Protein chains: 2
Amino acid sequence: MNSKKPSRQDARERILDVSEELFANASFASVSVRNVTTRADVNLSAVNYYFGSKQGLFQAVYVRRATLMNHERLQLLHEADERAQAAGCDVSLRELISAMLTPPIFWLCDQEKGYSVYIRFLARAYLEEASDMSNVLRQEVDVFDRFVPYFKKIKSGLSEEDIYWHIHFMMGVMHHTINHLHRISLLSHKACAVESGEQLRDRLVNFCCDGF
Amino acid sequence: MNSKKPSRQDARERILDVSEELFANASFASVSVRNVTTRADVNLSAVNYYFGSKQGLFQAVYVRRATLMNHERLQLLHEADERAQAAGCDVSLRELISAMLTPPIFWLCDQEKGYSVYIRFLARAYLEEASDMSNVLRQEVDVFDRFVPYFKKIKSGLSEEDIYWHIHFMMGVMHHTINHLHRISLLSHKACAVESGEQLRDRLVNFCCDGF
DNA sequence: TAGCGTTCTAAACGTATGTTTTAAACGTTG
DNA sequence: CAACGTTTAAAACATACGTTTAGAACGCTA
């Protein structure tokens, strides 16, 4: 019976899903509210009803999954820390880097859920100066600060400054991989194809480990 | 006499300068033609007069300096090659990577000319799927193809696929550094500041050399 | 100076945008 | 059923957009 008209509350969810995808593929300004509402099959004014404004929608898309991803990072860090303590040694560089990169890369390669789209959305949100995303960065900064002591411990030869630079570079590799994953085949004249999440993660982690 | 009204042809140049800067800081769609013409102090229709359309303007901004930058890269490669031949050895990995990264990084840190702005524009152009920038990439691909044989020779243990992935990652580090240079101070709680072009280049080259 | 192509100006065009408004439909609670 | 708060609907709002047009101003050459 109620198969045609979807139930109430998931209109909001559908808007988030659709706009997550649109914002992942194009800039904030070039995605119109009408574009979103048409594809989400809701009324034009639904965006302003649920999110107050287009800006509000953008932030809502971000918030919906950001906390979860950073939680996954900290969880991996925590597990690595426990393993290290049990073995009586330090957390390895590889584990640290892997903890930072695995969640976004795995999400990126996740076929089932909408996580893949979100990761591309995130990488693009970094570029949207206009849509006040300072809080986007703040949350990530907090997470990274939890990692820094570990880096310091096992890379005592590096200054704190060096460590921040390296984290900065790592994020660069990751974001670029995310944003331009489809271009690797063009760059390589189709020699390279997009691989599994594990392979891609390992490639990235190797590259960044050696860079440190 | 003619100090007040600028001479003829530099209206076109002023439009390019202004839009280069605006496109470097915001997305294609969020920069309006009126925005450009107002800041360039020219009539609204000047953009369409000189460049046909807003798209045409965007491409013109790209073309103006792209060839020069890629020429600089190839020039550095050529010089390194000559040095190597004179010494009877191979071009070092460091020199190869340096040849790829030095031009954009030096331009980025160049204070005098408008090159700094252009580099940020370039990094953003990569993201503009909408504004058909396939030719942007094509030219870079051609340049990289000139580098690949050198990489192959000195890193015979790597497959061609590996090399393309590494180039891909290098571009990621570079573009992210370019796009988010100002954020390193936020990330590091102001421990890191933007340094000189040489220092920044060396940091990047070191990171990428080790990653290879 | 007269003519002519180039450059600049002002105004208007049609369309698309984000948002607001007014009211209808809905679903739960009394 | 009646009343209420929530959600959806259609229409209109004012504004901003890229582009076009028609003509004036300019600078050069004959």
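Note that the coordinates shown come from a computational prediction; the quantities given were computed from them, not determined experimentally. Convention: sequence-line order gives letters A, B, ...; per-chain numbering from 1.
- Spacing between atom CD1 of A:Ile15 and atom C1' of D:dT7 amounts to 11 Å, rounded to whole angstrom units.
- At the heavy-atom level, B:Val31 lies under 4.0 Å from the strands shown only through sugar-phosphate atoms.
- The listed nucleotides are C:dT17, D:dT19, C:dC8; the one nearest the side chain of A:Ser32 is C:dT17.
- With sequence neighbours excluded, no residue satisfies side-chain hydrogen bond (donor to acceptor under 3.5 Å, both in side chains) with A:Asn35.
- In this structure, the side-chain hydrogen bond (donor to acceptor under 3.5 Å, both in side chains) partners of A:Arg201, at least two apart in sequence or on a different chain, are A:Thr102.
- Take B:Lys152 and apply the side-chain hydrogen bond (donor to acceptor under 3.5 Å, both in side chains) test, not counting sequence neighbours, and it matches B:Glu160.
- A salt bridge links A:Arg203 with B:Asp162: the distance from a Lys NZ or Arg NE/NH1/NH2 to an Asp or Glu carboxylate oxygen falls below 4.0 Å.
- Nearest nucleotide to the side chain of A:Arg34, out of C:dT7, C:dT17, D:dG18: C:dT17.
- When the P atom of C:dT6 is taken as reference, atom CZ of B:Arg12 falls 15 Å away, rounded to whole Å.
- Taking the screw axis at each terminus of the helix from C:dT1-D:dA30 to C:dG30-D:dC1 from five consecutive base pairs, the angle between the two is 10° to within rounding of 10 degrees.
- The distance from atom CZ of A:Phe58 to atom P of C:dG18 is 14 Å, rounded to the nearest whole Å.
- No donor-acceptor distance shorter than 3.5 angstrom exists from the side chain of A:Asp41 to the backbone of A:Thr37, with no hydrogens or angles considered.
- By the side chain to side chain contact (heavy atoms under 4.5 Å, CB included) test, B:Arg83 pairs with B:Glu79, B:Ala80, B:Glu95, sequence neighbours left out.
- A donor-acceptor contact shorter than 3.5 Å is absent between the side chain of A:His71 and the backbone of A:Thr67.
- Applying the ring pair (Phe, Tyr, Trp, His ring centres under 6.0 Å) criterion to A:Phe151, with sequence neighbours excluded, gives A:Phe212.
- D:dT19 atom C1' lies 16 Å from atom CZ of B:Phe51, rounded to whole Å.
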Can you check nucleotides 21-24 of chain C for protein contacts, nitrogen or oxygen pairs under 3.5 Å, and list what you find?
none

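- Relative to the side chain of A:Tyr49, the nucleotides D:dT6, D:dT19, C:dT19 differ in distance, and D:dT6 lies closest.
- Listed nucleotides D:dG18, D:dT8, D:dT19 differ in distance to B:Asn48; the shortest reach to its side chain belongs to D:dT19.
- For B:Asn43, the side-chain atoms get nearest to C:dT9 when compared with the rest of D:dT7, C:dT17, C:dT9.
- Here C:dG18 presents its P atom at 8 Å from CZ of A:Phe28, a figure rounded to the nearest Å.
- A straight line from CG of B:Asn35 to C1' of D:dT15 spans 15 Å, rounded to a whole angstrom.
- Every residue two or more places apart in sequence or in another chain was checked for a side-chain hydrogen bond (donor to acceptor under 3.5 Å, both in side chains) with A:Thr38, and none qualifies.
- Taking every side-chain heavy atom of A:Leu44 into account, D:dA11 is the closest of D:dT19, D:dA11, D:dG18.
- Each of B:Gly52 and A:Ala46 lies near DNA chain D, and the nucleotide nearest A:Ala46 is the one positioned closer to the 5' end.
- For A:Tyr118, the ring pair (Phe, Tyr, Trp, His ring centres under 6.0 Å) partners are A:Phe121, not counting sequence neighbours.
- Taking the side chain of B:Lys54 as heavy atoms from C-beta on, and the options C:dG18, D:dT19, C:dT7, the nearest nucleotide is D:dT19.
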